[in-house]
Structures are given as structure tokens and as C-alpha cells.
Protein chains: 2
Amino acid sequence: MTPQRPTMNDVARSAGVSLKTVSRVVNGETTVAPDLAARVQAAVASLGYRQHLGASMLRRNDRRTRTIGMLLEDVSNPFSAAVHRAIENEARGRGVQVLTGSLDEDPQRERDLAAAFAERQTDGLILAPTGADLGHLAAHTAMPVVFVDRTPTGTTGDTVISTNVSGAAGAVRHLVARGHRRIAFLGDHRRLSTARDRHLGYERALGRRAGPVVHDLHDPLAAERATIALLRGPEPPTAIFAAQNTITIGVVRALRRLGRAHSVALVGFDDFPLADLLDPPVTVVAQDPARMGGAAAEALFERIAGYDGPPREIRIPTTLIPRGSGEL
Amino acid sequence: MTPQRPTMNDVARSAGVSLKTVSRVVNGETTVAPDLAARVQAAVASLGYRQHLGASMLRRNDRRTRTIGMLLEDVSNPFSAAVHRAIENEARGRGVQVLTGSLDEDPQRERDLAAAFAERQTDGLILAPTGADLGHLAAHTAMPVVFVDRTPTGTTGDTVISTNVSGAAGAVRHLVARGHRRIAFLGDHRRLSTARDRHLGYERALGRRAGPVVHDLHDPLAAERATIALLRGPEPPTAIFAAQNTITIGVVRALRRLGRAHSVALVGFDDFPLADLLDPPVTVVAQDPARMGGAAAEALFERIAGYDGPPREIRIPTTLIPRGSGEL
DNA sequence: GTGAAAGCGCTAACAT
DNA sequence: ATGTTAGCGCTTTCAC
């Protein structure tokens, strides 16, 4: 015996008008006589009527749910969380809500969640791809997709990425200019375009003089172990370029443990909170996740509005922030 | 001339069966002859058919959208982000998606977003209240609400909170046990139940000997300024209890600037990433945001499933983590 | 300016 | 086991 939520019909009966008149008032059409409109408003207020957006969109011509989907690596990591917030900010002004999901680098979840969003008729999707083939997205023709942080595999679309190659090259050149010759690269899964691009920048900066390279690190612990192994190895590097923020943190922990924080230089890709309060403060190539999320959302809303040009690549510049660890 | 998304009718025609048979197959009912089912599956696959969840829920008896809403202070702050992730994890196993929003302490946004979610027929809502009156939630009778992090004003419901009073009291007693007698309290907006409760714990631990108290700080900068003012004041505290993580960070910055990081003790409420890598490492009363989010989601899904008991208060214990700054 | 009828894509209830 | 009819809450179309 729950009190049923009132429908337009209830409002119409209560106001003594036709259903259609209520619909007109609720949708702000101006072709309703003022007195009728007032009666309808009163009935809406007294019954606590709220439009049923699902039913409305079902019949409507534009078929918009005013909802978009967002799939990132992990909503709880600072980079993803900042992107998320920026997307929300763009959506807010448009009265659009955001469905979110974390992929944890799992292509299966990527497929399932994209499908779950499509079943819910989200107007569009912003996706940080896991690196797996995205051919399955073609099934959801009504849902434009914009990629963020990483370039897609097996499909195309507007893509918002950092200037990974030049940013990484700049970081490494910064170390070279400080006299370092043996500079290690610690990187994320090679499957990811970000890891590949940052490695490419590293190689461009060093050429044949490239130092030890460790790939496929993905959490601080793995990075910490890799760092320790490198520094205890036969030809220890004098500087380290960490291609991702979780890796940077692992390297910091390792240098601390070995008491080498002030003797081995470090530059990390992607800034992180409190990097300036560590000892030494950590030099980073900062990305601009807020701008990335904002640009991705803007591009998506253009697509939703019907823009039909060729796929665009939007490159967000990175900034080297020298704080100390890279200037030893 | 977009290729229209196929409907059940298209599938039925293509498979040579009735619409209802397709519905049965799609919904996994077992009362369909194997050969017909196979034909339907084939047609579904070849047309790329996907169920329209909105239309389905409109007609269905249970009227579930398999979507919940989540409104936190700011999805990009680490505490909210961890709660978010835990909620997502609970939802994931149930095939439920999560709509998210940031309130920025704005009661207007709280009202608007709750209404926007209700219009979208979310099955329930998890809310970290801004502190304003929540009487408006009564309008959305079909949407159960569970509160997280803060207790609600003007309404009741299941609430998941940290043991704020005892956690704060424990932190302050920890400082007292180290010999501190002049202990300052730096807190968030008094409107918030968390700020009030932590202040209460502080007072319980100190009684009449309570030190200087500063309320209504909300960002690191305000906390930094307040700390500097206190330490330059007539009777500077020997220890500081920071009642929130953004405040803690502001205090750390202030102590650094004044060169007092090793002479003024600090305990913060709520842990934060890299607290252990600062100098000195920051002693905190850690909350368990993951457990809070998980408990809130569990409670909500029980309500959605029809549980109708009285409002529950679920208290998640805090843990004092001595790292150095509180043991000077 | 207002309303009646049709129907969006789907499932419930009731046949057969 | 399969199909038919009605209708969820709403907007469209078209008549008045």
C-alpha cells in the first residue's frame, strides 16, 4: 500500500484539464492559457508530481536521456577522480547526469559496462580504454564515444590525450642537462598507449644512450621492487624517469628505504598531491586532468548535438615542475 | 538516415516468432522450445539487438532501473573517491550502475540532484548530506535514501558514520599522554555533524582544559592561515588536533613554513595518501572509507529489496595510526 | 488554444 | 509452449 507516485493523468484530473495540457505546461510550452497553466501548476505542486523521464524519452523525438556514461581506470585514483570531476562540471550546466564505472584494466568489464550503459540509453560515453580491441563499440551506434587519456585500439573517435611523447622527452632531457647519463625508465603496461608514448619520448631524448628499461609495472609495490633491483644491480642508474604516478610513489619509497633519496635523481610523469611536501620534493611532468576531462566532455556534447566531422585528436600540454628531486 | 536500433519486433519478424517469444528469450525464461530459442538468439545476434531498459522498466512490475544515485561532497577528494569506489564494488555484483554527483556543500545542488535522480527513477540514493534540512527528500517516496559520513537533518534513515566522538577523543588523549596541555582544535563547518562530533570528542578528552578552537575552516589554505595565527599568538599551542584531512594538510604546510614541524605535535582526523612519507610522518585517526561505502551500499540494497525496519545507525570504527607527528 | 487518439518498446495478464 | 491484447507514462499527430 505504498502511496503511488502521481502521473500526468492524476494531475490532469485534479486540475480539470486534459492530459495533453499538463504535458504542455510541464514542458514549458507557451501555448497554454494563463489560467489553465496556473491551475496545472497548482495541481503539480499539491500532488508533488514529478515527470517520469524514462517514459518521456521513450516517446520523444530526440530520445535523449540527458545522461552520459564515463568509464575510467579507477574512480578512486587521483587522476581519474580529477577527470571525473571535470566531466561532471561540464555536464552540470547542461542538466546532464553522469553514470560512472571503473575498469581496473579489465577488457571484459569495459565491454560489459559499455553495453550496460547503452541498454540504459546514455546519450554518449567517455572512455579511458583498457587497451583491448574496441570493435564491440560499433554495436552501439546511437552512443557517441570520446576517448580520454589513451588512444583507442580497433576503432576511432575523438581522443583527448596528454602530450606524452614530448612531455616524457622533456623530462629526460631535463635529467640529461643535469649531467645524468645513466637514466632508467620505469613504465606501466606496454599495452597502454600512454606507456608506449612515454617510452618513445624517453628513447627520443636518449637515443642509443638509453639506460635500463623496466616495463609492465602497475602498482607502487612493483615499482619499489624494480627500483631496488636496479640500484643493487651491476650498473645502477644515477637518475630515474617514472612514467606514471603510482610508479613514482613506489620509486620514492624505494629511494627512502635505500637512503638514496638525495643521491638518485627522479622525475615522475603525472603530478600527485603532496609531491611538494616530500623530501626532496618530487619533480614531475604534470598533466592537466581537469582540462582533459573538460575537453572530453565538450567534445562528447558536440557529438551528441550532432557534430559529424572526422575524429579529432585533442592534445593537452604537460608542464615540467622542477621541485628538487630532478635537480640533484 | 541513421541505422535505427532494432526492436523486439524486428527480432521477432526476423526469427519468425511472436514478439512475446523474443521477450521470453531475452529475459531468460525457460518456457521456450529450444529450437525457437535458438532462432531468436541467432536473430538477436545478427541484428545486434539490445534490450531497451527504459521501456522494459516502464512496463515491468518491479519497476527497477538497476541504477542508484550517489551524492558526495566532491568525487575528486580522496575520501569521497574511496567511498565511491566501494559503492561501485557493491553495485557491480548486482548488475547495478551508479549515477554520481558532487555537492560542494551546496544545499541547492543537493535538492536539485536528488530530484534529477528521482526523475530518472534511480532505485535508491546514497547521500553525504550538506547539513541543510532534508525535508524535500520526502517527495521521492519511491527512492530509499541511505546517509553516509554525516547524519541527516530534517529526516531520518539508515546512516553510516565513523566513530567520530570516540576517535577524536582518542586522538586528543594520545596527545595528552605525551604531555601536551595546550592542544588546539581546528575544525570544519560547524553545520556538519562530523565537525560537531569531532569537536565533542575533543572537549570530552580535555574538559575544562580545552585549548584554542577554530571552526569553519574548509580548505588547506584557511587551515594554514589559522595555524600560523595560532602559533604567532599570545599563548601558542604545543599540539594541534586537525579534525579533517584537508585541514591537516594545511597545518602541515604551516608548520613547515614556520619551521615548527618537529616542535609542534599534530594528529589529523582521516588518513591521506603519503602521510607516512612526510617529515615527520603524520599521525592520524584513520577512517575506513571503503568500509563506509560498502556498508552504505549494502544497507541501501537491503532497503531496495524491501527491508522495512527502523532507521539504523552503522558506526565504522576509526584507528589511531601513530607515525611520528603526534609523538614528538 | 485545447483535446482525442495513436504509439514509443516493452512486459503482464490472459488466452489458446 | 506460444501468441494476443492491453497498457506502463508520456509525447506526437492531427483534429477541433
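Below, chain A is the first sequence line, B the second, and so on; all start at residue 1.
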### Qualifying residues under side chain to side chain donor-acceptor pair (under 3.5 Å), relative to B:R111, sequence neighbours excluded
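Counting only residues at least two positions away or on another chain, B:R111 forms a side chain to side chain donor-acceptor pair (under 3.5 Å) with B:Q108.
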
### Set of side chain to side chain donor-acceptor pair (under 3.5 Å) partners for B:S14, sequence neighbours left out
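Side chain to side chain donor-acceptor pair (under 3.5 Å) check on B:S14 returns nothing, list empty.
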
### Message
Going by ring pair (Phe, Tyr, Trp, His ring centres under 6.0 Å), name the pairs with one or both residues in residues 71-113 of chain A, residues two or more places apart or in two chains.
### Response
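Sorted result for residues 71-113 of chain A: A:H84-B:H84.
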
[X] vs [Y] side-chain heavy atoms within contact, under 4.5 Å:
| X | Y | value |
| --- | --- | --- |
| B:P144 | B:I304 | yes |
| A:M70 | A:V75 | yes |
| A:T130 | A:R191 | yes |
| A:T159 | A:R312 | no |

### Task
Establish, from distance only, whether the side-chain atoms of B:R120 and B:T67 form a donor-acceptor pair under 3.5 Å.
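Not at all, the side chains of B:R120 and B:T67 share no donor-acceptor pair under 3.5 Å.
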
### Message
Do B:D104 and B:S102 pair up side chain to side chain, a donor and an acceptor below 3.5 Å, judged on atom types alone?
### Response
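Short answer, no.
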
### Query
Mind checking which nucleotides bracket the chain A contacts on DNA chain C, 5' to 3', with an atom under 4.0 Å from a heavy atom?
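Reading along DNA chain C, I get C:dG1 to C:dG9.
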
Which atom pairs, one a donor and one an acceptor, fall under 3.5 Å between side chains of residues 29-45 of chain B and the rest of the protein, sequence neighbours left out?
unit_1, atom_1, unit_2, atom_2, d
B:R39, NE, B:A15, O, 3.1
B:R39, NH2, B:A15, O, 3.0
B:R39, NH2, B:G16, O, 3.3

### Query
Who pairs with B:R291 by salt bridge (charged side-chain N to carboxylate O under 4.0 Å, His left out), at least two apart in sequence or on another chain?
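B:R291: no salt bridge (charged side-chain N to carboxylate O under 4.0 Å, His left out) contacts found.
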
Name the atoms and distances for all side-chain donor-acceptor pairs under 3.5 Å in residues 53-62 of chain A, with sequence neighbours left out.
unit_1, atom_1, unit_2, atom_2, d
A:S56, OG, A:R60, NE, 3.2
A:R60, NH2, A:N27, OD1, 2.8
A:D62, OD1, A:R64, N, 3.2

### Query
When you list every nucleotide of DNA chain D with an atom under 4.0 Å from a heavy atom of chain B, which one comes first 5' to 3', and which comes last?
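Range of nucleotides within reach of chain B: D:dA1 to D:dG9.
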
### Query
Tell me, which of residues 52-68 of chain A have any heavy atom that sits under 4.0 Å from an atom in DNA chain D?
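Going residue by residue through residues 52-68 of chain A, the ones with a heavy atom under 4.0 Å of DNA chain D turn out to be A:H52, A:A55, A:S56, A:L58, A:R59, A:R60, A:N61.
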
### Close residues, residues 15-25 of chain B, relative to DNA chain D [heavy-atom separation under 4.0 Å]
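The answer is B:V17, B:S18, B:K20, B:T21, B:R24.
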
### Query
Taking five pairs at each end, how big is the angle between the two axes of the helix from C:dG1-D:dC16 to C:dT16-D:dA1, to 10°?
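Rounded value for the end-axis angle: 40°.
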
### Residues within residues 30-41 of chain B bordering DNA chain C, heavy-atom distance below 4.0 Å
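None - not one residue of the stretch has a heavy atom sitting under 4.0 Å from the strand.
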
